[in-house]
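First comes the structure, then the notes that go with it.
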Amino acid sequence: MFTDIARVMSQEFSGKEVSVRGWIWRTRGSGKIVFPTVRDHSGVIQVTVKKGNVPDGQFEGALKALIESSVEITGTLKADDRAPGGFEIQATGFRVVGFADAYPIQKDQSEEWLRENRHLWIRSRRMVAIMKVRHTVVGAIHRFFRENGYYEFDPPILQPNQCEGGSTLFEVKYYDMQTYLSQTWQLYAEAGIFALGKIYDMAPTFRAEKSKTSRHLCEFWMAEMEAAWMELPEVTEVAKAEVKFIISEVLKNNREDLALLERDVSKLEICLEKPFPTITYTEGLELLKKDGMMVEWGKDLRTLEEEGIMKHFDTPVVVTHYPKEIMAFYKPVDEKAAAPGPVAKCFDMLAPECGIEIVGGSERDTSIAELTKYLEKDGENPANYQFYMDLRKYGSVPHSGYGVGVERLIQWICGLENIKDAIAFPRTSTRITP
RNA sequence: GCCGUUGUAGCUCAGACUGGUGGAGCGGCUGACUGUUAAUCAGCAGGCCUCAGGUUCAAAUCCUGACAACGGCGCCA
């Protein structure tokens with residue numbers, strides 16, 4: 001019977017015989033005593049192996065075993081101030097299951113080296129903490145939608161057309177045809193709502209942008225929703241509720257992990273206490289103007305400007321009604337909106353602190369004439385969108401949807417400098433290994 | 001795509017300006033040590049100085065050109 005290390009480290013087991021198994025975290029020793037610390041998924045504990053207390057062969061093994069050797073240990077749990085964490089196991093049995101070669105990851109590590117050795121680096125306490133938060137985030141997304149009457153609906157990943165105008169697609173040879181890896185489920189989701197009403201999914205998304213930034217991946221996970229009968233004001237509220245729910249779940253389940261990441265938890269707590277504001281693009285520009293940042297109406301907000309807007313807020317903010325000219329073809333014009341030019345029924349949600357876009361969504365245009373006009377403007381052939389147009393012919397309804405960048409959300413929640421740490425094996429334009 | 005930075009031991013980096021027998025710390029190996037916290041001490045091994053040209057008696061170092069990685073911008077979640 002083996003017990004998780006975190007569970008063993010308590011008064012409950014003090015003085016009792018325990019068995020744990022895991023990997024050597026650090027080790028040091030002298031001729032007659034060895035102090036390996038051993039980790040598993042739950043924690044780290046120091047072991048003392050004294051010559052004479054274990055069979056001689058096992059003591060030799062303890063002396064020789066390098067970092068990351070796998071071990072099974074039996075011994076007595078003792079509270080001891082000299083041990084990191086306050087508890088240690090005084091071993092009576094120390095079995096090395098697999099001796100490790102010299103571990104490539106040591107105290108001096110470059111970002112590049114850690115990415116080269118990602119398959120080993122994910123064992124680090126830091127990556128383990130992030131992956132545990134990710135586990136909560138993903139679970140919370142499924143729970144949120146399922147408990148609010150959404151069906152999970154899975155789209156094809158191989159898709160014949162592009163959707164977001166301008167974005168770059170990964171081409172895939174599909175027998176003797178050409179197809180692309182999905183960069184959104186949206187066209188298929190818009191078909192799905194006529195069957196299921198409210199739907200969601202979480203799936204890999206691919207963007208072949210050569211973006212070398214701390215907030216871009218070429219392969220990332222997007223959690224999307226689409227709902228029939230829903231218009232812009234309502235869909236933005238769904239997005240706010242979803243993000244709040246995810247944060248509450250993380251705060252409920254991952255306090256220790258956030259502490260290990262040295263995340264200021266109060267920045268997340270405040271997001272549960274206050275409502276997330278909604279402003280328009282035009283109002284955003286006015287906020288920037290007050291700070292002396294002049295942006296011409298009609299230009300898209302750049303990273304710098306998004307950061308500028310978010311200086312005014314300590315919770316996520318929904319920004320609506322961007323100029324239609326710079327928006328994708330399917331985002332409809334809002335005829336009623338007061339703005340210097342045509343604006344779309346669309347929104348982004350920006351995260352506080354870092355200012356990154358964590359959500360993007362919109363109402364969907366139901367006019368075949370409008371869709372055709374803007375597709376042609378983007379240089380697209382509307383004939384390639386026949387099924388999408390069909391949806392407007394057979395009982396069309398107002399509908400909306402959005403996508404959450406799962407890694408971006410994790411990046412903000414964990415306070416990560418780089419989005420690459422929000423996923424175990426990041427894919428970027430310059431790295432496909434390991 | 002544009003701009004910038006960096007390529008030297010298994011890892012992290014000095015050395016380059018001013019050309020002249022390639023260095024340190026960490027880690028590994030050998031040995032000492034019965035309470036270590038990044039243990040300590042002594043010794044040993046370890047190199048196509050990213051690659052290709054050029055200048056020079058002589059190039060890690062100077063010049064030219066590739067390649068790669070990293071970062072910023074744009075684009076986006």
Side-chain angles (χ1 to χ4, degrees), chain A residues 25-37 44 46-53 59 63-64 66-68 78 80-86 88 90 100-117 120 163-169 182-186 202-224 239 243 299-306 322 326-328 347-351 354 356-361 402-412 417-420 422-423 428-431 433:
Chain A
W25 171 246
R26 301 281 183 266
T27 182
R28 49 203 161 252
S30 53
K32 303 286 166 49
I33 184 166
V34 187
F35 300 98
T37 50
V44 181
Q46 172 165 289
V47 179
T48 56
V49 189
K50 289 185 183 176
K51 191 166 187 169
N53 288 0
F59 184 79
L63 264 178
K64 272 194 213 157
L66 300 179
I67 286 172
E68 288 303 319
K78 287 272 157 74
D80 192 318
D81 291 341
R82 291 171 296 184
E88 66 180 21
Q90 299 186 341
D101 285 359
Y103 202 54
I105 298 176
Q106 305 159 10
K107 68 168 189 176
D108 293 317
Q109 313 140 332
S110 62
E111 293 288 313
E112 186 185 345
W113 184 248
L114 295 179
R115 281 176 207 155
E116 193 75 40
N117 290 280
L120 302 176
C163 174
E164 308 273 351
S167 289
T168 337
L169 294 140
S182 169
Q183 60 179 3
T184 173
W185 79 328
Q186 189 188 319
M202 190 160 9
T205 297
F206 304 89
R207 304 267 167 99
E209 299 155 352
K210 291 199 172 172
S211 305
K212 296 182 195 174
T213 78
S214 57
R215 57 194 178 282
H216 284 87
L217 294 166
C218 288
E219 175 186 300
F220 63 97
W221 287 71
M222 192 147 68
E224 298 181 87
V243 171
K299 298 261 187 198
D300 204 356
L301 297 177
R302 297 175 304 166
T303 309
L304 192 67
E305 283 114 38
E306 288 172 342
Y322 286 72
I326 52 172
M327 289 290 112
F347 76 101
D348 279 351
M349 189 189 291
L350 308 180
C354 48
I356 53 175
E357 295 168 26
I358 51 177
V359 182
Y402 64 82
V404 175
V406 174
E407 286 77 14
R408 288 218 176 149
L409 189 60
I410 293 166
Q411 182 182 7
W412 167 59
E417 289 209 351
N418 201 308
I419 198 170
K420 297 179 188 78
I423 188 168
T428 64
S429 61
T430 53
R431 181 178 288 287
T433 56

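Protein chains get the first letters and strands the later ones, always in sequence-line order, with residue 1 at the start of each.
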Without decimals, in angstroms, what is the distance between D300(A) CG and C75(B) P?
6 Å

Output the rounded distance in Å from CZ (R82(A)) to C1' (U34(B)).
11 Å

Spacing of the C1' atoms in A9(B) and A24(B) (rounded, Å):
11 Å

Is there a side-chain contact between Q183(A) and M222(A) in this structure, where contact means two heavy atoms from C-beta onward sitting under 4.5 Å apart?
no

Just by distance, do the side chain of T213(A) and the backbone of R215(A) share a donor-acceptor pair under 3.5 Å?
yes

In whole Å, what separates the P atom of G15(B) from that of G20(B)?
14 Å

In whole angstrom, give the distance that lies between atom CD of E306(A) and atom C1' of C75(B).
11 Å

Please determine whether a side-chain nitrogen or oxygen atom of T213(A) lies at a distance below 4.0 Å from atom OP1 or OP2 of G71(B).
no

Mind checking who A16(B) pairs with, Watson-Crick or G-U wobble, both distances under 3.5 Å?
none

Taking the nucleotide of RNA chain B with the nearest heavy atom to each, does M222(A) or P84(A) sit closer to the 5' end?
P84(A)

Name the pairing partner of G46(B), where a pair is Watson-Crick or G-U wobble with both distances under 3.5 Å, or state none.
none

Is there a side-chain polar atom (N or O) of R215(A) under 4.0 Å from OP1 or OP2 of C73(B)?
yes

Does a nitrogen or oxygen in the side chain of R115(A) sit under 4.0 Å from OP1 or OP2 of A68(B)?
no

Under a 3.5 Å limit on both distances, the Watson-Crick or wobble mate of U56(B) is none

Describe the nucleic acid contact of G29(A) in one word from base, sugar-phosphate, nothing, applying a heavy-atom distance below 4.0 Å.
base

May I ask you to decide if E357(A)'s main-chain N or O and R408(A)'s side chain share a donor-acceptor pair within less than 3.5 Å?
yes

With a 4.0 Å limit, can you tell me whether K210(A) has a side-chain N or O closer than that to the phosphate oxygens OP1/OP2 of G71(B)?
no

Applying salt bridge (Lys or Arg N to Asp or Glu O under 4.0 Å), can you list everything that pairs with R26(A), at least two apart in sequence or on another chain?
none

With distance as the sole test, does Y103(A) use its side chain to make a donor-acceptor pair with the main-chain N or O of L120(A) at under 3.5 Å?
yes

Taking any heavy-atom pair under 4.0 Å as a contact, classify N418(A): base, sugar-phosphate, or nothing.
sugar-phosphate

Using Watson-Crick geometry (N1-N3 plus N6-O4 or O6-N4) or G-U wobble (N1-O2, O6-N3), each under 3.5 Å, C67(B) is paired with G7(B)

Atom OH of Y103(A) to atom C1' of G28(B): distance rounded to whole Å?
16 Å

Nucleotides 10-12 of chain B: which of its N/O atoms have a protein N/O under 3.5 Å away?
from: G10(B); atom 1: N2; to: Q106(A); atom 2: OE1; distance (Å): 2.8
from: G10(B); atom 1: N2; to: Q106(A); atom 2: NE2; distance (Å): 3.3
from: C11(B); atom 1: O2'; to: D108(A); atom 2: O; distance (Å): 2.3
from: U12(B); atom 1: OP1; to: S110(A); atom 2: OG; distance (Å): 2.4

Which atom names give the shortest non-hydrogen contact between M202(A) and W221(A), and what distance separates them?
O-CZ3, 4.0 Å

Can you identify which nucleotide, out of G72(B), A69(B), C75(B), has its nearest atom closest to the K212(A) side chain?
G72(B)

Would you mind classifying the nucleic acid contact of Q90(A) as base, sugar-phosphate or nothing, using non-hydrogen atoms under 4.0 angstrom?
base

Considering heavy-atom distances to RNA chain B, does T428(A) or L217(A) have its closest nucleotide positioned more toward the 5' end?
T428(A)

Sugar-phosphate only, base, or nothing, as touched by G31(A) at under 4.0 Å among non-hydrogen atoms:
base

Taking the side chain of K420(A) as heavy atoms from C-beta outward, which of G71(B), C73(B), U36(B) is closest to it?
G71(B)

Using atom C1' in both nucleotides, what's the gap between A45(B) and G10(B) to the nearest angstrom?
13 Å

Taken to the nearest whole Å, NZ/K50(A) to P/U36(B) is 12 Å

Where do E209(A) and C218(A) come nearest, in terms of heavy atoms and distance?
O-SG, 3.8 Å

With distance as the sole test, does E407(A) use its side chain to make a donor-acceptor pair with the main-chain N or O of K420(A) at under 3.5 Å?
no

Donor-acceptor pair, W113(A) side chain versus P104(A) backbone, under 3.5 Å?
yes

Expressed in angstrom and rounded to an integer, what is the separation of K32(A) atom NZ from U34(B) atom P?
5 Å

Report the base-pairing partner of C41(B) (Watson-Crick or G-U wobble, both distances below 3.5 angstrom), or none.
G31(B)

Mind calculating the distance between CG (L63(A)) and P (A32(B)) to the nearest angstrom?
11 Å

Separation of G74(B) atom P from K299(A) atom NZ, nearest Å, is 13 Å

For D300(A), all residues meeting salt bridge (Lys or Arg N to Asp or Glu O under 4.0 Å), sequence neighbours excluded
none

S214(A) side chain: which of A77(B), U36(B), G72(B) is closest?
G72(B)

Non-neighbouring partners of E224(A) that pass salt bridge (Lys or Arg N to Asp or Glu O under 4.0 Å), sequence neighbours left out
none

Check side-chain hydrogen bond (donor to acceptor under 3.5 Å, both in side chains) between R28(A) and all other residues, then give those that pass, not counting sequence neighbours.
none

Using a heavy-atom cut-off of 4.0 Å across all strands, would you classify E417(A) as base, sugar-phosphate, or nothing?
nothing

A60(B) and U50(B), which share atom name C1', separated by this distance in whole Å
12 Å

Under 4.0 Å between any heavy atoms, over every strand shown, what does V34(A) touch: base, sugar-phosphate, or nothing? Just pick one.
nothing

Opposite nucleotide pairing with C76(B), Watson-Crick or G-U, both atom distances under 3.5 Å
none

According to the 5.5 Å centroid and 30° plane-angle thresholds, does F35(A) stack upon the nucleobase of G35(B)?
no

If you measure from the C1' atom in U6(B) to the same atom in C51(B), how many Å do you get, rounded?
16 Å

Below 4.0 Å: OP1/OP2 of C73(B) and any side-chain N or O of S211(A):
no

What nucleotide among A77(B), G28(B), C73(B) has an atom nearest to a side-chain atom of A102(A)?
G28(B)

Is it true that the side chains of R115(A) and T428(A) contain a donor and an acceptor less than 3.5 Å apart?
no

Extract from the structure each pairing of a protein N or O with an N or O of nucleotides 14-16 of chain B at less than 3.5 Å, listing the distance.
none

Sticking with atom C1', work out how far C13(B) lies from U21(B), rounded to a whole angstrom.
22 Å

What integer number of Å spans the P atoms of G54(B) and U61(B)?
14 Å

With the side chain counted from C-beta on, respond yes when T205(A) and W185(A) share a heavy-atom pair under 4.5 Å apart, and no when they do not.
no

Closest to the R302(A) side chain: G35(B), A77(B), G74(B)?
G74(B)

Closest to the T430(A) side chain, choosing from C70(B), U36(B), G71(B):
C70(B)

Roughly how many Å apart are G74(B) and A38(B), using the P atom of each and rounding to a whole number?
42 Å

Per atom distances to the H216(A) side chain, the nearest of C76(B), C70(B), G28(B) is C76(B)

